[in-house]
Amino acid sequence: MKRLTLFALAITLIATVFAAKTPYQAVLQHSRIRGRARGPNVCAMQKIPGTDKKYFTNCKQWYHRKICGKPTEVTYECCPGYEKVIGEKGCPAALPLVNIYKTLGVIGATTTKMYSERANLQEEIEGPGSFTFFAPSNEAWAALPTEILDALVSNVNIELLNALHYHMINKRLTSDDLKHGALFPSMYQDFDVHIQHYSNGVVTVNCARLVKTDQHATNGIVHVVDRVITAITNNVNSLIDTDDDLDTLRTAVAAAGLTSLLENEGSYTIFAPTNEAFEKIPPETLTRILGDPVALKDLLNYHILKNLHCSESIVAGTPLETLQGTVLEVGCDGEEMTINGKAIVTQRDKIGTNGVIHYVNELLIPDSAKTLLELVEESVVTTASRLFKDAGLTDHLIGSEAVTLLAPLNDAFKDKSLAMTPDMKKLLRNHILKEKFSSKSLYHGQELETLGGLKLRVFVFRNSLCIENACIAAHDKNGRYANMFIVDQILAPPMGTVMDILKADDRFSTLVGIIQRAGLSELLNKKGTYTFFAPTNAAFNAMPRADLNKLMRDPKELANLLRYHIGEEFLVSGAVTSHTRVTPLTGDKLELGTLNSTVYVNRVPVVETDLMATNGVVHAVDVIIKPLPPKIVSDQAEGSTIRRTSDVRAGTQVMKNDDLFQKVLRSHSSRTMSRVQ
């Protein structure tokens, strides 16, 4: 029964959300459902403790129980348009339908009601008409700076009346009519008010959030907002031009040719770096970017979102696309607005006719405006960064050379000698490709030339993209002139054929003799893409002496043993996932997997991976690999006691269904139905 109840609730939620006309109506209906156990017309709200902020929420927010990273508490109150009745459950009564002036008192906007009386607006909003009034809450009036409030109340017949008229529209607009991006002429000189209706259900007017909506009156409708709004007359470029804190930004915008963009029609969000933000950047970096029109334009476009986002619309971290083409993670932490997780917004919601400005005290520099050295130093590859500089490769990392850097993760250097020997310098030089590549343009079998003159091969696997043994471990870092691939291993360029690799390593001396005895030397020297799980001397020494001697006397059996250790296709360790399979030259497939960074083949641990060869790769094992025991047969012969798993499950389900059927027959409702028939 409990499951049926939950299922019914889920169906109800889905049906009501899809039936909702707007995002706001969707969250309102969700809140109604969550509050209906408290009685009719009760809405469940999420409140941030210690503040007066309350939200109707969607299903995701309801289960997370967080707004702007802060835990919320659930409160229950009457849904818009309803009120409590003493002695009755919930909110069964509709609010009295009276004129706007009286409605302000009914819904608790008493300060707006008082100022309407002082400004001689009372008669207008009591009389005939059809108005929409965005009424500031009592807290909104209290939050106004003292000098502004004094200026309004000292001249009630002009300044205060004009301010209140700007909160009014000369027609009735419900929340359904408040479409995203809509403009409506106010009753103050027809200056527009700007509506935003976000997908999370938040509705704003001039970036003030509607906290009580759709309070109907005989002569219109009232929406309570959380701040006093002011007329918008300038575009965002004019706002930047007239602010001394944005002098450097103004110069940069002009130099990048973005002035006309910020003057024209649009709906942008600008994270405007203050003069202080520019001053925090190293002078040489700032000079380089300001002197490079391409980098400067990318830098500024990285501060501009494609759509208008008021601070009140952000209730959780959200990736938002910039004009530069990448995204910023815009979120909030309590009262602070954050960008990429950092609370760097110092002033919010300075709104213009074509967008909104949020001030930031830190410059946001996109990868596309950075040198390769800056990309390396700001990423997780700190060991590689130090080694590249120690190897004297800095000039390749700071110049305008079109290259691609293969930067190994720090873990790749564990248990490795980091002495800057000639061989190490040569190896690091081969981590720089001669061209600027994107990982999306790489293909299987492609050859990439390094600064050291080597040709590196590209291998494309189902879940990995590798250059030789080094598999790409993160998204590309695309700099101004050069790119960086973060890889999981230090590059190990091929040093000869598979046979050459084995001969050069004393651990495989026994194996080399066995290969020659089995007549497989030619195979391992010729062109191919082999994966050899090569038994070390320790693997053969672990065999019983009698078994080894018997094996050595039979070249054919030797060949079969070795062929079972050689896969037909090339496979590096970075491409091994759970249940990876390799087809050997002889026998059943080899099953591979990983556990705690160790690769296993048929449950045998690989002691060293990725010894790269021109015709394959060698992985060392200290145990001779044997076929795995056969799995339980799924089919059965007639009369066998073993059944397929699916049959067992089906039988169990049949028994469960039979039991359920018998319970239904014995139930009261079933007996009642039988009597009726």
Side-chain angles (χ1 to χ4, degrees), residues 444-445 455 457 459 461 466 468-469 492-576 580-593 598-629:
H444 192 75
K455 294 289 183 69
R457 301 162 296 178
F459 299 102
F461 301 99
C466 307
E468 295 297 341
N469 63 303
M495 304 304 292
T497 65
V498 169
M499 200 63 191
D500 293 333
I501 297 295
L502 298 175
K503 286 180 177 179
D505 194 325
D506 291 340
R507 293 176 299 172
F508 302 117
S509 57
T510 303
L511 176 62
V512 169
I514 290 176
I515 290 171
Q516 292 169 341
R517 188 174 183 82
L520 295 180
S521 297
E522 183 180 352
L523 173 71
L524 298 179
N525 271 317
K526 73 178 185 180
K527 187 176 181 180
T529 55
Y530 305 114
T531 298
F532 196 174
F533 298 97
T536 62
N537 296 344
F540 290 106
N541 292 337
M543 291 181 66
R545 182 57 53 184
D547 292 350
L548 180 60
N549 290 337
K550 180 182 178 182
L551 186 64
M552 295 295 286
R553 291 193 295 269
D554 189 344
K556 184 176 180 181
E557 192 62 30
L558 270 179
N560 284 336
L561 175 70
L562 294 177
R563 284 176 176 273
Y564 187 63
H565 286 71
I566 302 173
E568 293 179 347
E569 298 178 354
F570 184 93
L571 184 71
V572 295
S573 61
V576 176
T580 299
R581 290 187 168 191
V582 172
T583 303
L585 298 181
T586 297
D588 294 332
K589 288 186 176 181
L590 301 170
E591 295 195 9
L592 281 76
T598 299
V599 175
Y600 288 80
V601 51
N602 281 16
R603 300 175 188 167
V604 172
V606 176
V607 296
E608 186 174 354
T609 60
D610 302 329
L611 302 172
M612 305 300 291
T614 55
N615 60 341
V617 60
V618 175
H619 305 295
V621 292
D622 280 344
V623 178
I624 299 297
I625 299 172
K626 297 178 181 179
L628 292 172

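Bear in mind that the values here come from a model prediction, so they are computed numbers and not experimental data. We're numbering straight along the sequence, starting at 1.
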Gap separating the [atom1] atom of [X] from the [atom2] atom of [Y], nearest 0.5 angstrom:
X: L502; Y: I515; atom1: CG; atom2: CD1; value: 5.0 Å
X: L562; Y: E557; atom1: CG; atom2: CD; value: 10.5 Å
X: N615; Y: F570; atom1: CG; atom2: CZ; value: 10.0 Å
X: M543; Y: L548; atom1: CE; atom2: CG; value: 5.5 Å
X: L592; Y: R581; atom1: CG; atom2: CZ; value: 11.0 Å
X: K626; Y: R603; atom1: NZ; atom2: CZ; value: 13.5 Å

For [X] versus [Y], what's the shortest heavy-atom pair and its separation?
X: A534; Y: F508; value: O-CE2, 3.6 Å
X: V621; Y: V601; value: CG1-CG1, 4.2 Å
X: E468; Y: K455; value: OE2-O, 4.2 Å
X: P535; Y: A539; value: CB-CB, 3.7 Å
X: T497; Y: A613; value: C-CB, 3.6 Å
X: A575; Y: T580; value: O-OG1, 4.3 Å

When you measure from the side chain of [X] to the backbone of [Y], do you find a donor-acceptor pair of N or O atoms at a distance under 3.5 Å?
X: T531; Y: V617; answer: no
X: R457; Y: T614; answer: yes
X: N602; Y: L590; answer: no
X: N469; Y: D610; answer: no

Side chain proximity check, [X] to [Y], heavy atoms < 4.5 angstrom:
X: V498; Y: V618; result: yes
X: L523; Y: M499; result: no
X: I501; Y: M495; result: yes
X: I566; Y: L524; result: yes
X: I514; Y: L520; result: no

Item checked: Geometric class of the F459/H444 ring pair [parallel <30°, tilted 30-60°, perpendicular >60°] -> perpendicular

Notebook entry, point to check: Do other residues, nucleotides or ligands put more than 12 heavy atoms under 6.0 Å from D588 CG?
Noted result: no

Check: Just wondering, are more than 12 heavy atoms of other shown residues or ligands nearer than 6.0 Å to CD in E569?
Finding: no

Checklist line | Residue pair L611, F532: steps toward the side chain to side chain contact (heavy atoms under 4.5 Å, CB included) verdict | finding: CA-CA 10 Å; L611 302 172; F532 196 174; over 6 Å; no

Item checked: Ring centers of F533, H619 separated by less than 6.0 Å -> yes

Next item on the list: Decide yes or no on side chain to side chain contact (heavy atoms under 4.5 Å, CB included) for V582 and K589, but give the supporting numbers first.
Entry: CA-CA 6 Å; V582 172; K589 288 186 176 181; over 6 Å; no

Check: Are D506 and S509 close enough, and set up right, to give a side-chain hydrogen bond (donor to acceptor under 3.5 Å, both in side chains), and what steps lead you there?
Finding: CA-CA 5 Å; D506 291 340; S509 57; over 6 Å; no

Next item on the list: Show the numbers, then the answer: is there a side-chain hydrogen bond (donor to acceptor under 3.5 Å, both in side chains) between T536 and D622?
Entry: CA-CA 5 Å; T536 62; D622 280 344; 2.6 Å; yes

